[in-house]
Amino acid sequence: MVDIPHAPLSDALQSLIGGRRLVSAVFLTFKFDPAFFEQEILPVLFDVPLSHAAAVRLVQLEDALRTIGGEVAVYYDAKGLITTGAASAKLDVRRVPIAHRTGIFHPKNVFLLLESLEVEEDGSRERSLCAVSLSANLTRAGWWENVEVCHFEELREGERTLLRADIIDFLEGVRRRALAADNNQRAIVDILSFVRRDTEARTNRSAGSELHTRLYSGSEPFLEFLESAAGSRLREMDVELISPYFDESDDCAPLLALIGRFKPKEVRVFLPEESGGVNCREALFDSVRALRGVTWGKLPVDRTRAGGSSAEAKPPRFVHAKVYRFISRNPARELLFIGSVNLTSAAHQRGGNFESGFLVEIALKRRPEFWLQPEKRKPSIFNPKSEADELAEAVPAPLVLRYNWPTKSAEALWLSNTKSPFVRIEARGVAVGWVEGLPARVWAPLGADIGEKLGELLEQTSFVTVTPAGSGPATILVQEEGMDQKPSLLFRLSIQDILRYWATLSPAQRAAFIESKWQGPLGDGADLVARLKARPVKDTLFDRFAGVFHAFSSLEKSVKGALKERRFKDAQYRLFGKKYDSLQTLLERLAGSEESDDVERYVIALCAVQLVKEIKTALPEFWSDNKAAAEALAVELDELTGRIRRTVASNGPSDMAEFLSWFDGWFVERAKPAEESHD
């Protein structure tokens, strides 16, 4: 039996992260299902307890995302957005559509900038970059259903590597194509900064006889890359080719070009099957079979059947993997190219698709054997499909929309080279507005009425339908800026619950707290959630006020800890955000609340005044960097405190106002430990 390495993709990614903490992440994909990405792929990046219930899990992921130092970004082909039967995006993930002009934006990569949990003597944490090349899209089929392939590489601080130049070239190429992202590409900037600053260039192509790994960045034709990266090593070896798609042609031009360049001894080409037929033209099948030294082949049944070899009654899974495997037995050698490159002209040629992948040499313990088993029988059913068939239902959308939550304003980007025609914008059957005469390929502000309607709709869905005059409707995903100011769509807590949540100690406690407080529908996984009975809360004067002081102390500690570790987003969310546990949200609840008496509301407001004063004094740079939000918070807090103070004074004895003026100063002033006597 041929031993083909295999493991679930999510397990492999979690093992790669290995207990480290995420700083920034970049995902590249052709097809993109935003809801599946948030619910099923994003959790792999975080070592935190998550609820089985989909709705509650989103709340917990919202918390986890704000604790990272950078951001998570997904770059996807604008024509590859999955909308049929899919839920929209909800979390603070930068979503960047790419309109690749000469083909499709086809790379499938993950770049994870990680840091250790251990702090060095100088206060820093060791960082590394995990780079992943795979064949899977960010979809349910890609991660759960198909047979896919991937390869991981890790770059550590100070490492000398050939991948340094490759990664820089590749990610800069992505940045150039990401017109819709403008300059807001924090995740790519973080990763490029690490590669440029913390790794060193290597010049030698190999160490001894073993080839160093290379990343194909799409800047040259595919076969030219293979030859320049490996030289003569690939010549006169045996070759296996796994690709789900071919050209719509009677022969396979990329295969002929590969044979002509590398002169392989024997070639086996995977015969892709789906829905009872093979994915190629009959004439192409015959022409490939007629080539000297070339054989069609199939993977072992235990690698394609759902559930393995014991599930032979089940239909085989679709093999979406893309592998170029070069092997020799004497000397024993194996080189693999793993990535997005199909056996098509668009994938191989300059000016076609934008592709990527790793060329890696495998350290062998024994002579390699073919993976593919020869298939000499001619199929009876031919059901040819190509890369273009993946776009059969896609309608190009030349418009990109962006909404800014802090300013509550909207912008549009028209991707064509001429001014836009009349374009209607709607969501869930509700008209948002229309635009006309947008300039070509620059961001243009939209009217306040469109901004207002778009903001209202974004609280329910991020999918918007745009219909240019003379074209059919197309669904796009709205980009959202300043997500800390987006109202929490998922959760609402009372004043006391916010304070208790601040005071919770561990992620497990916070997860249990959220599940116990959830009031809405739980969504998928609800049957697996055990509703915890809320424990009675003591309501003595001491318990209430001690709880308030402890909650604010915990919040202050969390904010300072986040800033010390350069997790600025976490601090911004906690102080200035509109989320369910933000200080800003607490103040809004406090302003119109009947949940507590006036004295308790007044003490809570003074605790907030003390916290703001401490953060402003101890962390002036952070306060200055968030000047607009900080000033707005200070004004709101001053007005709120004054209003509650007047209420308390009017309901008290005649000298209450004088007492409160004295009390305020002593309360807000931070107590200092008494100096020790040195007698």
Side-chain angles (χ1 to χ4, degrees), residues 9-10 12-14 16-17 22-34 37 41-42 44-45 70-78 80 93-98 100 103-114 128-139 142-143 146 148-155 161-178 181 185-192 194-195 199 213-220 222 225 229 320-324 336-342 347 353-360 387:
L9 184 54
S10 296
L13 201 56
Q14 280 185 319
L16 182 69
I17 295 172
L22 180 69
V23 177
S24 278
V26 170
F27 289 80
L28 307 174
T29 184
F30 167 47
K31 284 193 168 184
F32 179 40
D33 182 338
F37 173 78
I41 299 177
L42 204 55
V44 176
L45 306 183
E71 70 172 12
V72 176
V74 177
Y75 294 76
Y76 63 97
D77 192 295
V93 172
R94 188 170 299 281
R95 304 174 290 268
V96 185
I98 304 290
H100 188 55
I104 57 178
F105 181 77
H106 203 243
K108 296 110 167 58
N109 297 87
V110 182
F111 294 91
L112 304 177
L113 183 58
L114 306 172
S128 59
L129 175 66
C130 294
V132 186
S133 179
L134 59 165
S135 61
N137 289 301
L138 298 181
T139 63
W143 282 67
N146 298 337
E148 305 280 2
V149 65
C150 72
H151 178 74
F152 305 87
E153 289 285 336
E154 183 166 355
L155 281 68
T161 173
L162 275 179
L163 289 174
R164 183 181 190 274
D166 292 341
I167 291 175
I168 291 173
D169 182 50
F170 179 58
L171 291 181
E172 287 291 3
V174 173
R175 287 182 72 184
R176 288 193 300 272
R177 289 166 172 82
Q185 300 191 58
R186 168 70 187 277
I188 279 186
V189 169
D190 285 348
I191 291 168
L192 285 172
F194 170 82
V195 175
T199 67
T213 301
R214 295 289 307 277
L215 172 67
Y216 177 51
S217 63
S219 58
E220 59 186 321
F222 176 59
F225 162 78
H320 192 254
K322 293 103 166 126
V323 180
Y324 294 72
L336 291 172
F337 179 86
I338 293 171
S340 66
V341 181
N342 284 307
N353 298 342
F354 185 54
E355 307 276 3
S356 70
F358 277 129
L359 177 64
V360 57
E387 291 172 332

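- Ile104 and Asn353 make their closest contact through N-OD1, 3.1 Å (heavy atoms, listed as atom of the first residue, atom of the second, distance).
- Atoms CG and CD1, on Leu155 and Ile191 in that order, are 11.0 Å from each other to the nearest 0.5 Å.
- With rounding to the nearest 0.5 angstrom, the CG atom of Asp77 is 10.5 Å from the NZ atom of Lys31.
- Counting heavy atoms from C-beta on, the side chains of Phe32 and Arg95 come closer than 4.5 Å.
- Between Arg186 and Glu71 there is no salt bridge, since no side-chain N of the basic residue sits under 4.0 Å from a carboxylate O of the acidic one.
- Of all heavy-atom pairs between Val341 and Ser356, the closest is CG2-O, 4.1 Å.
- Of the inter-residue distances, the one linking Leu28 atom CG with Leu171 atom CG reads 7.0 Å to the nearest 0.5 angstrom.
- When the ring-ring contact (aromatic ring centres under 6.0 Å, His included) test is applied to Phe358, the partners found at least two apart in sequence or on another chain are His151.
- Between His106 and Phe30, the two ring planes are tilted [angle within 30° to 60°].
- A side-chain donor-acceptor contact under 3.5 Å links His320 to the backbone of Ser135.
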Practice item. Output, in order, the C-alpha distance, side-chain angles, deciding distance and verdict of side-chain contact (heavy atoms from CB on, under 4.5 Å) for Phe111 and Val174. Key: CA-CA 13 Å; Phe111 294 91; Val174 173; over 6 Å; no
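- At least one side-chain heavy atom of Val189 sits under 4.5 Å from a side-chain heavy atom of Arg175.
- In this structure, the side chains of Ile338 and Leu134 stay at 4.5 Å or more apart for every pair of heavy atoms.
- When side chains are defined from C-beta on, Leu129 does not count as touching Leu114, because their heavy atoms never get closer than 4.5 Å.
- With rounding to the nearest 0.5 angstrom, the CG atom of Leu359 is 8.5 Å from the CG atom of Leu336.
- Evaluated for a ring pair (Phe, Tyr, Trp, His ring centres under 6.0 Å) with Phe354, the options Phe170, Tyr216, Phe222 yield exactly one hit, Phe170.
- Between atom CZ of residue Phe27 and atom CG of residue Leu45 there is a gap of 4.5 Å, rounded to the nearest 0.5 Å.
- When all heavy atoms are compared, the tightest approach of Ser340 to Pro107 is OG-CA, 3.9 Å.
- Shortest non-hydrogen contact noted between Thr29 and Val74 is CG2-CG1, 4.2 Å.
- Classification of the Phe337-Tyr324 ring pair by plane angle, with boundaries at 30° and 60°, yields perpendicular.
- Between Ser217 and Asp166 the shortest heavy-atom distance is CB-O, 4.1 Å.
- At least one side-chain heavy atom of Pro97 sits less than 4.5 Å from a side-chain heavy atom of Tyr76.
- At a threshold of 4.5 Å between non-hydrogen side-chain atoms, the residues Leu16 and Val132 count as touching.
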**Study point:** Worked check of side-chain contact (heavy atoms from CB on, under 4.5 Å) between Val72 and Leu22
**Key:** CA-CA 9 Å; Val72 176; Leu22 180 69; 4.1 Å; yes
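- Rounding to the nearest 0.5 Å places CZ of Phe194 at 6.5 Å from OG1 of Thr199.
- Across every non-hydrogen atom of Asp190 and Ser24, the tightest pair is OD2-OG, 2.7 Å.
- Side-chain contact between Glu153 and Val360: present, with at least one pair of heavy atoms (C-beta onward) separated by less than 4.5 Å.
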